[in-house]
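Taking it in order: structure first as structure tokens, then the write-up.
Predicted model only: the values in this text are computed from it and were never measured. Per chain, numbering begins at 1; letters A, B, ... match sequence-line order.
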Protein chains: 2
Amino acid sequence: VTDDATPPHDDPPVPPAPVAAGTARDAALGAVGRPGSRRLVATPALVCDVDLLEANIARMAARAAEAGVALRPHAKTHKSAFVAALQLDAGAAGIACAKVGEAEVLVAALEAAGHGDVSVLVTSPVAGAAVAGRVAALAAACDLMVVVDHPDGVDELAAAVAAGTGTGQLAVVCDVDVGLGRTGVTGPDPALAVVRRIAGSPGLRFAGVQGYGGHLQHLPGRAERATATRTAAGRLRSVVDALEADGHEVALRTGGGTGTAGIDMEDRVLDELQPGSYVFMDQEYRDALGDDPEGRFAQSLFVATTVVSANQDGFVTVDAGLKAMATDAGPPTVVGHAIDVHYHFFGDEHGLVTQAPPTRFARGDRLDLVPPHCDPTVDRYDELWLARGDTLVGVTPIDARGCSR
Amino acid sequence: VTDDATPPHDDPPVPPAPVAAGTARDAALGAVGRPGSRRLVATPALVCDVDLLEANIARMAARAAEAGVALRPHAKTHKSAFVAALQLDAGAAGIACAKVGEAEVLVAALEAAGHGDVSVLVTSPVAGAAVAGRVAALAAACDLMVVVDHPDGVDELAAAVAAGTGTGQLAVVCDVDVGLGRTGVTGPDPALAVVRRIAGSPGLRFAGVQGYGGHLQHLPGRAERATATRTAAGRLRSVVDALEADGHEVALRTGGGTGTAGIDMEDRVLDELQPGSYVFMDQEYRDALGDDPEGRFAQSLFVATTVVSANQDGFVTVDAGLKAMATDAGPPTVVGHAIDVHYHFFGDEHGLVTQAPPTRFARGDRLDLVPPHCDPTVDRYDELWLARGDTLVGVTPIDARGCSR
């Protein structure tokens with residue numbers, strides 16, 4: 001097709017700077033503080049009500065303080081230094097990150113925002129010398145802990161630390177499978193193998209255990225969730241007992257999520273909680289936690305859309321489709337029309353929104369959607385627009401968007 | 001929580017520049033040209049085999065040339081100036097873009113790549129004065145056409161052109177609903193209303209009609225697809241007849257996709273085709289087009305993953321989950337293991353890959369996945385890694401990633 005299809009690869013990617021799109025963004029920013037300005041943001045857009053966000057952050061912080069457990073909110077939900085800083089200012093012990101790349105970006109962005117030397121836990125095990133080297137480098141830039149679930153992973157981290165220039169020890173947490181099966185050691189014996197290997201590695205320090213029950217978070221009904229959470233906690237407890245009997249101090253027991261936070265606070269098996277979604281909430285958590293007063297965090301996150309076509313009877317077409325939100329948890333709901341109006345995905349770029357009398361949407365109308373699943377929705381946007389009610393108050397980058405490596 | 005939760009909003013977002021991640025990227029780029037270097041890319045990553053990409057582009061171009069129809073490949077699939085330039089070099093009449101924001105970025109990136117004044121069709125109608133103003137601005141930077149499906153939309157574009165500084169006319173295409181119902185006028189009478197309004201607007205020029213049958217592209221079985229395509233073509237033909245009878249020259253009949261391209265080339269109702277997915281293919285199209293020799297484009301796009309945990313019997317965990325690919329079309333398949341091994345989504349960051357003897361995956365192994373749906377998968381990544389077989393040949397930005405506004 002061409003004689004050389006290989007593009008230049010010397011330069012890092014340059015972000016596009018489209019003049020006209022920049023103008024639209026500037027126009028919205030120019031209206032910050034003006035009532036009604038929220039509707040000036042070009043759609044589809046991710047919008048957060050900061051009043052509700054702040055209330056969610058304050059509520060979880062107060063509950064954790066009252067229960068006497070530490071809070072390490074998971075940044076995989078928001079990927080934003082702005083939100084992380086609010087959480088740290090409210091007393092969080094640090095942040096949790098799903099991937100090393102997420103942590104690399106957020107540490108730098110938090111440093112720039114005045115939160116240097118933040119405590120970071122990377123909650124997924126990594127594999128390979130290359131990423132272990134990045135872990136060792138990151139440890140020089142923050143107060144880092146990383147989980148591991150296999151002796152080979154311990155060896156990779158130890159080798160990376162030995163090869164690095166730092167002089168301190170890397171704090172390593174043993175990831176324990178409490179029933180999800182996704183990652184973690186499967187019981188006391190493999191836990192002992194991992195922790196003994198950590199203890200025998202000069203550059204590493206054993207910091208504690210992680211038991212994250214991802215399979216528990218969305219169980220419908222608090223009673224069922226509590227029973228299953230206690231089963232999972234028993235698995236973690238048996239590992240902790242074996243490690244302590246072997247002479248290891250288990251200084252940290254971290255885990256938990258938005259769905260089980262209240263239960264974990266009662267049970268106190270975990271002394272540090274990692275909830276993420278509570279800052280924004282989503283349709284999936286609203287459905288699962290509907291009967292649980294502890295689950296009543298406010299829906300602070302919205303996908304703003306515009307009706308771009310209204311030529312059909314019974315429905316209109318909006319400008320947010322498969323590319324505009326996560327699709328793994330069903331369709332979004334339409335704010336203000338939870339019962340009478342339904343959204344259906346309508347291809348990559350569009351959605352179908354039903355209408356029936358007395359509801360009538362017209363071309364150009366704006367609708368807000370409640371995302372079905374917040375984390376992978378947020379991860380699709382470069383920026384989070386901030387509003388208080390219908391008034392824009394600013395915009396903030398989703399710093400670690402796409403940083404899944 | 002804080003006394004002022006409003007972040008500074010004067011500056012455009014600054015892309016993060018994590019040093020360690022940059023180092024990993026540099027290491028992979030440093031190995032470009034070395035056999036086996038493909039496995040050095042940090043995962044999850046989007047990788048394209050350029051040999052297969054080029055073959056797909058050449059094949060569609062040759063078929064369109066032979067059939068005597070123009071090709072305007074849809075850029076919503078790849079969002080990449082690199083791929084668009086290959087298509088233009090192979091004879092494409094221009095590019096199609098789903099959204100104005102996508103066109104803004106690709107026009108600038110193509111200009112920088114030596115493809116100035118490219119012909120662009122925006123294939124989705126827009127609503128509102130703000131985005132109409134962006135259309136008018138974009139028309140000064142490229143050879144632009146934009147679709148419209150309502151007289152109010154015509155008026156918005158006319159007002160924006162009148163308010164702008166350009167002296168030429170904006171080319172407007174009447175979008176016709178051929179059965180999908182998503183956008184477009186519903187028949188001859190509303191088409192006449194739109195086109196007469198265009199003809200009566202001094203700043204606008206009627207350029208032709210678009211009839212895109214998104215509902216046809218994945219119909220399984222060529223015979224069923226051909227029958228339905230002919231029904232849709234009949235709807236477009238009736239609109240064209242009415243417009244010509246009213247004295248309008250219909251200079252362009254554009255539409256079609258990867259699924260119907262061969263049928264459209266035979267039928268010749270459309271004189272310009274907009275296929276997108278053929279460059280990469282995906283599991284959804286492979287399933288739908290399996291019996292159609294015309295549909296046998298090569299799978300050139302892959303999501304590269306690494307096994308990060310292998311502590312369970314029967315499955316391992318890889319580092320690509322709900323955030324790493326589109327989830328609307330089922331799970332991906334595992335390259336080289338289409339029958340014996342299955343991927344299941346396993347949360348935001350991970351996937352579960354089954355294994356059974358004789359297949360055994362180990363911690364650190366790399367697996368390539370065939371994305372279920374290419375367009376929204378590509379839209380999640382900043383960069384497309386380029387390989388020929390197992391040898392990296394470069395990396396290219398996905399310029400318009402996230403540009404859905």
Next on the checklist: Quick check on A/V307 against chain B: is it the side chain, the backbone, both or neither that has a heavy atom closer than 4.5 Å?
Outcome noted: backbone
Checklist entry - Which residues pass the side chain to side chain donor-acceptor pair (under 3.5 Å) test with A/T306, sequence neighbours left out? => result A/T43
Checklist entry - Any chance the side chains of A/H74 and A/T123 put a donor and an acceptor closer than 3.5 Å? => result yes
Item to check | B/D177 side chain to B/G184 backbone, donor-acceptor under 3.5 Å | outcome: no
Checklist entry - Quick one: what part of A/H373 sits under 4.5 Å from any heavy atom of chain B, side chain, backbone, both or neither? => result side chain
Next on the checklist: Just so I understand: if I count every heavy-atom pair under 4.5 Å between each of B/G402, B/G128, B/P125 and chain A, which residue has the most?
Outcome noted: B/P125
Checklist entry - Which region of A/K76, side chain (C-beta onward) or backbone (N, CA, C, O), has a non-hydrogen atom less than 4.5 Å from a non-hydrogen atom of chain B, or is it both or neither? => result both
Item to check | Best-contacting candidate, B/D379, B/L352, B/V135, against chain A by heavy atom pairs under 4.5 angstrom | outcome: B/D379
Next on the checklist: Using the salt bridge (charged side-chain N to carboxylate O under 4.0 Å, His left out) criterion, which residues pair with B/K323? Sequence neighbours excluded.
Outcome noted: B/E349
Item to check | Heavy-atom pair count under 4.5 Å with chain B, highest-scoring of A/Q312, A/R405, A/R182, A/H150 | outcome: A/R182
Checklist entry - Is it the side chain or the backbone of A/L180 that comes within 4.5 Å of chain B heavy atoms, both, or neither? => result both
Checklist entry - Taking B/A42, B/G153, B/P44 one by one, which has the highest count of heavy-atom pairs under 4.5 Å against chain A? => result B/P44
